[in-house]
Amino acid sequence: MIQDYSRDPESGKKPETLVVFMHGYGSSGDVIRQYLGEILGPMLPNAKPHFPDAPVQMGFNNQSWFELLD
């Protein structure tokens with residue numbers, strides 16, 4: 001199941017923009033939300049950022065957007 005983490009706009013108003021961030025291999029949407037959400041919130045006060053988890057499970061807690069083949 002793909003989890004989608006998001007943050008409400010810093011301004012507290014209705015979002016004007018949607019921004020989607022894709023994490024790298026072995027990370028997760030929640031990790032990116034914690035770091036980038038704090039940094040970008042003040043810079044994009046009217047945006048609603050989304051941080052989805054990648055759909056491919058590659059071992060224990062490693063997620064990827066596509067399969068990594070040998």
Find out if a path of hydrophobic residues (ILVMFWY) with successive side-chain heavy-atom gaps under 4.5 Å connects Tyr25 to Met22. yes
Taking the side chain as everything from C-beta on, heavy atoms only, tell me whether Lys48 gets closer than 4.5 Å to Asp8. yes
Minimum side-chain heavy-atom gap Val20-Pro52 below 4.5 Å: yes
Would Ile32 and Met43 show up in the same hydrophobic cluster when neighbours are defined by side-chain heavy atoms closer than 4.5 Å? yes
Is any NZ, NE, NH1 or NH2 atom of the basic residue among Glu38 and Arg7 found under 4.0 Å from an Asp or Glu carboxylate oxygen of the other? yes
Report yes or no: do Val19 and Leu36 belong to one cluster of Ile/Leu/Val/Met/Phe/Trp/Tyr joined by side chain heavy-atom distances under 4.5 Å? yes
Going from CZ on Phe51 to CG on Asp4, what distance comes out if it is rounded to the nearest 0.5 angstrom? 9.5 Å
Say you draw a straight line from CG of Asp53 to CZ of Arg33; how long is it, rounded to the nearest 0.5 Å? 10.5 Å
Is there a path from Leu18 to Leu44 through hydrophobic residues (I, L, V, M, F, W, Y) whose side chains come within less than 4.5 Å of each other? no
Using modelled atom types only, decide if a donor and an acceptor are shared between the side chain of Ser64 and the backbone of Val56 within a distance under 3.5 Å. no
For Pro45 and Pro9, the nearest pair of non-hydrogen atoms, with its separation, is O-CB, 3.3 Å
Polar side-chain atom of Trp65 near backbone of His23 as donor-acceptor pair, under 3.5 Å: yes
